[in-house]
Each structure stands twice: as structure tokens, then as C-alpha cells.
Amino acid sequence: MSRYNVRETEAKWQAVWDERRSFAVQADPSRPKTYVLEMFPYPSGRIHMGHVRNYTIGDVIARYKRAKGFNVLHPMGWDAFGLPAENAALERGVHPGKWTYENIAAMRGQLQSMGLAIDWSREIATCRPEYYRFEQKMFLDFLKAGLAYRKESWVNWDPVDNTVLANEQVIDGRGWRTGALVEKRQLSQWFLKITHFADELLGALATLDRWPEKVRIMQENWIGKSQGCRFFFKLSGGHEELEVFTTRPDTLFGASFVAISPNHPLAAKLAEGNAELGEFIAECNRMGTSEAALEQAEKKGFRTPVTAEHPFVPGWELPVYVANFVLMEYGTGAIFGCPAHDQRDLDFARKYDLPVKPVVVPDGEDPASFDVGNEAYTGPGTLRNSRFLDGLSVEEGKKAAIGKIEELGRGTGTTMFRLRDWGVSRQRYWGCPIPVIHCEACGVVPVPEAQLPVTLPEDVTFDAPGNPLERHPTWKHVDCPSCGKAARRETDTFDTFIESSWYFLRFADPRNTEVAFDKDAVKYWLPVDNYIGGIEHAVLHLLYSRFWTRALAHCGYLDLAEPFAGLFTQGMVTHATFQDAEGKWIFPTDVDLASGKAVKRADGSPVTVGPVIKMSKSKKNVVDPEGILNSYGADAARLFMMSDSPPDRDLEWTEAGIDGAWRYINRLWRLVTEPGITLPAAGTPAPAEFGADATAIRRAAHKAAHGVAEDIEQYRFNSAVAKLRIFSNALGDALSKLAAKQGNSQDVGADEAWAVREALEILSQIVQPVMPHLAQEMWVSLGHQDLLVERPWPAADAGLLVEDTATVAVQVNGKLRATLALPRDAAEDVAKAAALADPAVRKAMDGKPPRKVIVVPNRIVNVVV
RNA sequence: GCCCCAGUGGCGAAAUGGUAGACGCGGCAGACUCAAAAUCUGUUGCCCGAAAGGGCGUGCUGGUUCGAGUCCGGCCUGGGGCACCA
């Protein structure tokens, strides 16, 4: 028996695809396009199983769509700027650029060995000046359009990476990458006006019907729109008026205090002559980010000597507190407190003994006796004790109160967003230089476009903390483009989320040296039809990209609102964890499970098997894809990735699983190379008639072609693989029967032999998206010379998709009692009669007459007695 | 606390409101083999039964329906997201 030589075969076809440029594509408006994109990788040096899963999903879709006649754009690139390169420079003395390009070369090789149907001629790396020069241009255009600005601001400072983090990059008060406690620092920073598009970004989520609901909700929460009203309190003691924001102007008559953030300018001012207040503010800042989460945040306040006058009631003075639960970053940094209808205000009021006056009474409650106790009432109801608002509903009350405030000139109805502008300055070397120059005389001067790109200097050192660009002896010293005097280059670089905010556009026209991309190319290829990646980018990358696309449209680059029409978020690849007797994590490859219990391969000492969790280097529960690709091959790895678990769920990597995939590949190979009967030559015309056995084989094949296509369209890859197996199992069974016939020197009918060839050819074609190398080898082995990737998806014969007979279940009172084989679409009374005649059914009916008989054609008959 | 998602055999999982457990992994039995590996065949939700057959089964609980894993209400458990957002 000839063995399937996986290494040779896979390398052979990869070389052929490469040589014939099989996957290179051109825009062609006469053909329907589809754009399949997986989130591009950071070039860390080696691919991991998450990549294998990600790129397999995309590749199956790309190959399938291609067979379906689409012009498929399926590119690959590298998210090549970022801190790990600088860390490598620090640790190993290798230049970040060298390290990055070497990693790219290594990972490209690994990805190519997966047999991906990628147009490698479109490959890009974001760290190349040919790429980021256009990013610099875009930034300058944003600057002109008022979408980029500079401001002094409190920033999140990561003390480990020595850089600023965006709000989105701070998780539980810690840096998203380093996990270090984030500090507050004040720096002058570049910001992009994502808030300009807040409403649009929110509203357009509704149009993204091919995105997971979950991601849309996450973005919705992140944008955090709320309707309300801003208004001013007059303050005692000659202080400036205090602006507050509220979503509940209807509850103004229930107000019992006003509170400002410890970071509010008024708090600082009041603290000047008040050491006690100063100490309170300092305490709040210490609590700030770090312990807030742990300490369950007790409400604390400091009563200032200032009072605020109620906007509707002259002479009604409310005490002004500095309170730890009021955030400077949201709204105006000041609130009014209505304890009866806000839980935080209520906690605060109970602690400081402030009045609690309900002004919203739930319908059906007695207004005279309604009391909130220790749980604020936030539901609907009728306003009471509220003068001109009395009797109104909450919604009516909001409108009326805003109307009154506006009438009095005290404030205005407004919409508030949680979303804040995107701070993009980073104090790092390995990023895109921000193309501006600081001149003492002229201020911030954009680098003239003719001088773009501003490139990074090569000769940098990483021996001291902070930004190497800042320390470079000459790089930052330039003449002002405006006045010609000595000036200073901006030494900050962009947040690397910027590069990934437009790479999907560059893929449409990656070699353009004049502009970032040709408008028509983008018009043809975009939006991305299938964007595939991890859920961890649900907010950051995806929101930034949506913003960036809008900002580009605003500047006339393109005519597109949403870059990603379809989004799919894949699950993680998990693996069991192992610890040795000392509790140290150990690699799966060092564990021997053969004896039924886990022991160390090296010395046989016992190993504890831990929970199945996401593969991570720190827990060592990783399996290196390269080893798998070398021993089992790309097809087996791809098959395993697609089998069993639905792609949006976690997938547990197991030895048994990859073994199973490998066995199946060999089974398919044997099916084609040793069918056991003599097949007609390739291209033999179909016989005029098919007998029952031949028809059964054809049915199985055509059903599989149809079903697998449907499943791939819906990302139901595990189900598609199941259908492949059902088909190949059926074909295998049919073949062993036919082989036995031939072995007994009986004739195998020409119709049967022809049907088997057809089935094997269809099989080759429909396993192709998942197992492309094997498929091509099967195809050749069936006597063809051409490439399967050039062949269309096999068209299913509609007549073969439906059976002549239907298996109809018969229930008596909802319980299954029999199944009947009836002609397809048998008349209802025929089905009914057949059901009532069945002995098992009669027995279950126990002689009682049927009260009612429900007949669902081709499915079920339910007899009610 | 709020918002999502998920709970089905020993395991991964399938099932337009219509035969629950397809397909695979693992197990068991057998064939081939001196033996093993590989491969092939059969079997495999639970309980009663020698069998035929019967009963019970999709986290719990109530409902809608001729019929519910699927739809609706309440609850439990697990996972994820947001979290003093005024």
C-alpha cells in the first residue's frame, strides 16, 4: 500500500501554488469580489496555535469563496511596530528593526507551510517607511481638518514600559500589557477626536448585522451615550458658578447636596487655605486607581464651607462636598445629589446624615407613606413634592425641568458620552514618528509633505529608560520649516493601534507609492466581508478602525463608513496544564500520559494535571505549531482546528484530536488510491441510466457538496467536517461492497463505477478548503493534471438532493411508537392510514379511537387518543 | 451591582417547534498478526429485562403546544464584558 507522504506532498503543492501565483488577485469590477481578512499578527517570532486557528478559518472561507467564483482578496501583513522589539533590544542588544524583520521572515515561512491561499505579493509590514509615510500624511490631514489636537492632560503612565496608555489600555488600574499599576501624570499629548464621531459610531452599530451581538453591545457600552442636562449652580462666597451634569433633572426637587470631584479645580482652590481638605484630596488620589477596586469603594466626602443655590428655588442652599466617588473625567466633574433616586447619593446621604426626600413615587404606592429605606428608587413613577413638576411622569418631568432650566438661562439639555478622545502619543522608539516640529516662535509646525516620511534614526541605544529618540544626539534637532530657526522634532511616536486602523485599506493597493491607496481599488475591495480574529479586540482595534475610516472619509480619502461588514470572533485554543512535584509548570511535551497516569518523561516522577485553560507561555501549556506541522502536516492541523468545536467556542488541543485528524487524512488517501474496483478513465461521459446503488452513491456525493457549502457559509465548520465524514463513510461502505463483487468476478456496473469516480472527484473538491494539499494529491491520483484551486465548487444536482422515500415518525400522544418509510410527499390521508395500521401504534392506542391526528408531511404523524 | 452568552452521554459536540445524542474522541468485543502497531467489523445515554420489549432522560421549576433541547416566566451554576459614568 502506498503511503501518503505528507511532507513531500505538502511542500510540492505549496511550491506549485507559489510558482503559478495561484492566489495573486487583481481588482476586476466585472467580477464579484469578496475580501477575507484575518487580524494580522504581531511578528513575535513564531506562530502559535491561536494563529493556526485564526488563519485556518479565514483560509477555508477564502478557498471556498474562490471555488464559488468570487474574486477573493486574502492578504497577509505584519503589525510590526511595538514594544516587544524594544524589549528585545534591551535584553539582547539587537536592533528592533533587525529583530522585527528576522521574526517576520521566520513567521512567514511558518504561515506558508500552512498552505494558506494568500496573495503574498500584497504583504506589508507597518514598520516600513513605505507604509507609515501615508499614516503621517493622514495625521497631517486630520490636523488640518481639526480631528487631531494637542493638549496638556492627565495621562495613564505605565511605569514599566515608561509610556502613556490610552484609557482603553488600562484594565483594572493596570497596564494592559505589563500589568503594572498605572500612575497619573500630566503631559502634553496628541489626541484624535474620536468623540466627534461618537454618535455616528454608536448609531452605525445597528447597521453591522453581520457582527456578533456581543461585540456591538461592548462598543455601545464603551461609547456610553446618555441624555441629560448641564446647568449651573450659583455658589456662596463669591466663587464662580459650578456646572453639573445630570440625567435626572426631574429629581431636582429631591436634591440635598452638591458634590465635586477631588480633582475639580474648585476643590484645588478651596484646598489652598484648608490643609484638612488638602489632605482629603491627597487621600482620594492615593486610593484612585489602585485600591478602588479592592476596597469596595466606601463613599467619603468633605464638607466645604461653600453652598450652592437651588436653580429653581432662590434661597434654597445646598451644601457643597468634595466626594471621592465623583469622577473628574466624566461630565463636568460635579453633580447634584438626589439620595432618594440614586444609590450612590443615598449611601452618601446616609453616611453624612443628609435629607432623603422621595420625589418619584411608583404608581400604586401611597405618596404620603412612600419611603426608599436603603435602596434608592430608580424606576418609573409620578413626580411629587416637586412644585411645577408634580403629577408628571419621569420622562415628562425631565423635559419640563430642562425646559425650565433653559428658560431661566441656567443651562441646557445635552448628550454626554463616556467615550473620550484617543490619546495617541507614546514615548517610544519603535513606532511611527509623529510628523510635527516644535518651534519656539511658531509653535507646532507640521512637517511639510515633501519631507515625508519622517523616518526613525538607526543608531539608537536602549541602555537607559525612557525614549531613545529623546536621547539621540542629532535626530530631534531641525530647523523650523516655517521660520527657519532652530527647532525641535516631536520625539513621541504613535500608538501602534494607529497602524492597525488602516492596514486593511492598504491591502487593496499595497504597492502604491503616490498615495495610501487608490480610491477605486478601495471602492472595489472594501468593506472586508469576513473579518476574523479574537474577541480581545472587540473595543480597541475595532472601534479605532471604525473611527479612522470615518476620519479618512471626512478628509476625502474614501467613501466608506464601515470597514468591516462581517466580523467573526473565534474562540481560544486551550490545553491542560501540568505541574511537577515542586509545583513548577511543565510543558505537555515533557509529560508522559501513556501509562494512564501523568508522569515526567525525563524521570518518571508524578505530575499533577491542572485545568484546561488558554495556551500561555507562563503556564507552559503550549503546543508549538511547527512541531505539529512537521510531523502531522498542515492538513491534519487544519482539519483538527475545524473539527469538533464550533469556531466561536474554545477549542481544546489534544494529542488524540490531532491523531484522529491524521487517521482521517490517511483514510481519504486510501479511499482514492485503493478504491478496490476499476474506475473509468477521467472524463468518461456519464452513462444514460443509473441503478439504485449507483444513485445512492451519487446522492451521498451531491448532498455532501451541497451541505458542506451551506455549513461553510455559516461558519459551521465542525458540521461541514461531519458531513465530509458521513459522505466518505458511506462511500467507503459502498466501495467495499463493490470490491467484494469484483473480487468474486462479478461485474461492477458501468453506472456504479462511474458514480464512484464522480463521488471521489466531488470528495476531493469539497475537502479542498480544509485539506488543500491532500485534495490536490487525490485529484492527481484520480488522473487529473490541473489544479483543484482553479476548479469551481461542484454543482449539486437538485434532483439528487431529495430522497424518494421519507422516514416518518409516528407518535401516540407525543411518544414515539414507530417509524414508517413512506413515499416522499405522500398525501396526508395515506400517511394517516399507514400510521393507524402500524401494529406498534395500534398497541399503544390500546383500542381507543383517535381523537385527533396531526400529519406533518415527510416528518411526523401524531395520533392523539 | 448591571449587561451578554452558555449549561445535552465518560469527553468535544449535532438537532427549520416534529425520531434527542448526527459526526468525532474514548471504551468494550472481535477479525488480521507469532506478537504488536496500523487497519477493518460490531457495540457503546441511563435503568429494568435472557430476549422481545418497556421505562427514564437535554441544569432546576412552572407555562404555551397535538408535540419543547428549541418558545415564554422564575430560579441555580459556569464563562465573558462593564463597573462609583451622575
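So you know, we letter chains A, B, ... as the sequences are listed, proteins then strands, and number each from 1.
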Practice problem: Report, as yes or no, whether the 6.0 Å neighbourhood of atom NZ on A/Lys399 holds more than 12 heavy atoms from other residues, nucleotides or ligands. | Solution: no

Practice problem: Just say parallel, tilted or perpendicular for the rings of A/Phe336 and A/Phe231, cut-offs at 30° and 60°. | Solution: tilted

Quiz item: Which residue pairs pass the side chain to side chain donor-acceptor pair (under 3.5 Å) test with at least one member in residues 640-658 of chain A, sequence neighbours excluded?
Solution: none

Quiz item: Is the closest side-chain heavy-atom distance between A/Arg230 and A/Ile405 below 4.5 Å?
Solution: no

Practice problem: Run the numbers on A/Val808 and A/Thr819 for side-chain contact (heavy atoms from CB on, under 4.5 Å), then give the verdict. | Solution: CA-CA 5 Å; A/Val808 175; A/Thr819 56; over 6 Å; no

Practice problem: Determine the interatomic distance between P on B/rU8 and the same-named atom on B/rG74; round to the nearest Å. | Solution: 22 Å

Quiz item: Among the nucleotides B/rA86, B/rU39, B/rA83, which one has an atom lying closest to any side-chain atom of A/Arg670?
Solution: B/rU39

Exercise. Kindly say whether, by distance alone, the side chain of A/Arg859 makes a donor-acceptor pair under 3.5 Å with the base of B/rU16?
Key: yes

Exercise. Provide the Watson-Crick or G-U wobble partner of B/rG1, both distances under 3.5 Å; none if there is no partner.
Key: B/rC82

Exercise. Rounded to the nearest angstrom, tell me the gap between atom OH in A/Tyr664 and atom P in B/rU39.
Key: 14 Å

Self-check item: Nearest listed nucleotide, side chain of A/Thr807, among B/rG18, B/rU19, B/rC85
Solution: B/rU19

Quiz item: Of all heavy-atom pairs between A/Asn862 and A/Gly814, which one has the smallest distance, and what is that distance?
Solution: OD1-N, 3.2 Å

Self-check item: Interatomic distance, A/Glu220 CD vs B/rC4 P [rounded to whole Å]
Solution: 11 Å

Quiz item: Which residues pass the ring-ring contact (aromatic ring centres under 6.0 Å, His included) test with A/His706, sequence neighbours left out?
Solution: none

Quiz item: A/Phe257 and A/Phe348: aromatic ring centres closer than 6.0 Å?
Solution: yes

Exercise. Taking atom P in both B/rC34 and B/rU44, compute the distance separating them and give it to the nearest angstrom.
Key: 32 Å

Quiz item: Between B/rC56 and A/Lys815, is there an OP1 or OP2 to side-chain N/O distance shorter than 4.0 Å?
Solution: yes

Quiz item: Rounded to whole angstroms, how far apart are CZ on A/Phe717 and C1' on B/rG24?
Solution: 18 Å

Quiz item: What interatomic distance, in whole Å, is found between P of B/rU70 and the corresponding atom of B/rG62?
Solution: 14 Å

Self-check item: Given B/rC85, B/rC25, B/rC4, the nucleotide with the shortest approach to the side chain of A/Arg344
Solution: B/rC85

Practice problem: Measure the distance from CZ on A/Phe417 to C1' on B/rC85 and round it to the nearest whole Å. | Solution: 13 Å

Quiz item: Of A/Gly224 and A/Asp659, whose nearest nucleotide on RNA chain B comes first from the 5' end?
Solution: A/Asp659

Quiz prompt | Euclidean distance for C1', B/rC72 against B/rU64 (whole angstrom) | solution = 7 Å

Taking only nitrogen or oxygen atoms into account, show me every contact under 3.5 Å that the protein makes with nucleotides 7-14 of chain B, one pair per line with its distance.
| from | atom 1 | to | atom 2 | distance (Å) |
| --- | --- | --- | --- | --- |
| B/rG12 | O2' | A/Ser645 | OG | 2.9 |
| B/rG12 | N2 | A/Asp644 | OD1 | 3.1 |
| B/rA13 | O3' | A/Asn718 | ND2 | 3.4 |
| B/rA14 | OP1 | A/Asn718 | ND2 | 3.2 |

Quiz item: Roughly how far apart, to the nearest Å, are B/rG30 and B/rG80 at atom P?
Solution: 46 Å

Self-check item: Base-pairing assignment for B/rA51 (Watson-Crick or G-U wobble, both under 3.5 Å)
Solution: none

Self-check item: CZ/A/Arg216: more than 12 non-hydrogen atoms of other groups inside 6.0 Å
Solution: yes

Self-check item: Mate of B/rU39 where both pairing distances stay under 3.5 Å, Watson-Crick or G-U
Solution: B/rA31

Self-check item: Watson-Crick or G-U counterpart of B/rA22, or none if no pair lies under 3.5 Å
Solution: none

Quiz item: Under 4.5 Å between any side-chain heavy atoms of A/Leu567 and A/Pro212, yes or no?
Solution: yes

Exercise. To the nearest Å, give me how far apart CD1 (A/Ile535) and P (B/rC4) are.
Key: 15 Å

Exercise. Please step through side chain to side chain donor-acceptor pair (under 3.5 Å) for the pair A/Tyr664 and A/Ser728, ending with a clear verdict.
Key: CA-CA 10 Å; A/Tyr664 185 57; A/Ser728 61; 2.6 Å; yes

Exercise. Report yes if some heavy atom in the side chain of A/Thr247 is under 4.5 Å from a heavy atom in the side chain of A/Phe245; otherwise report no.
Key: yes

Practice problem: Rounded to the nearest angstrom, tell me the gap between atom CZ in A/Phe336 and atom C1' in B/rC84. | Solution: 17 Å

Self-check item: Any donor-acceptor N/O pair under 3.5 Å between B/rC82 base and A/Asn221 side chain
Solution: no

Quiz item: Over how many whole Å does the gap from A/Leu205 atom CG to B/rG81 atom P extend?
Solution: 19 Å

Quiz item: Start at the 5' end of RNA chain B and walk down; is the nucleotide closest to A/Gly657 or to A/Phe325 reached first?
Solution: A/Gly657

Quiz item: In residues 721-737 of chain A, which ones come under 4.0 Å of RNA chain B, going by heavy atoms?
Solution: A/Ala722, A/Arg725, A/Ile726, A/Asn729

Exercise. Look at A/Glu710 together with A/Arg716 and state whether they make a salt bridge at an N to O cut-off of under 4.0 Å.
Key: no

Quiz prompt | G-U wobble or Watson-Crick pairing nucleotide for B/rC56 (cut-off 3.5 Å, both distances) | solution = B/rG45

Exercise. Report the base-pairing partner of B/rG73 (Watson-Crick or G-U wobble, both distances below 3.5 angstrom), or none.
Key: B/rU61

Quiz prompt | Interatomic distance at P, B/rA22 relative to B/rA31, whole Å | solution = 27 Å

Self-check item: Length of the line joining A/Asp345:CG and B/rG1:P, which is rounded to integer Å
Solution: 20 Å

Exercise. Name the pairing partner of B/rA14, where a pair is Watson-Crick or G-U wobble with both distances under 3.5 Å, or state none.
Key: none

Quiz item: Residues two or more places apart in sequence or in another chain: which of them pass side-chain hydrogen bond (donor to acceptor under 3.5 Å, both in side chains) with A/Asn813?
Solution: none

Practice problem: Taking only the side-chain heavy atoms of A/Arg418 (C-beta and beyond), determine which of B/rG67, B/rC40, B/rA83 contains the nearest atom. | Solution: B/rA83

Self-check item: A/Lys225 atom NZ, over 12 foreign heavy atoms within 6.0 Å
Solution: yes

Practice problem: Among B/rG26, B/rG53, B/rC66, find the nucleotide with the atom closest to the side chain of A/Ala656. | Solution: B/rG26

Quiz prompt | Between B/rC60 and B/rG7 - P atom distance, rounded Å | solution = 13 Å

Quiz item: Can you tell me how far C1' in B/rC56 sits from the matching atom in B/rG49, rounded to whole Å?
Solution: 15 Å

Exercise. For the side chain of A/Arg817, starting at C-beta, report the closest nucleotide among B/rU19, B/rG54, B/rG18.
Key: B/rG54

Quiz prompt | Neighbours of RNA chain B within residues 209-216 of chain A, by heavy-atom distance under 4.0 Å | solution = A/Lys214

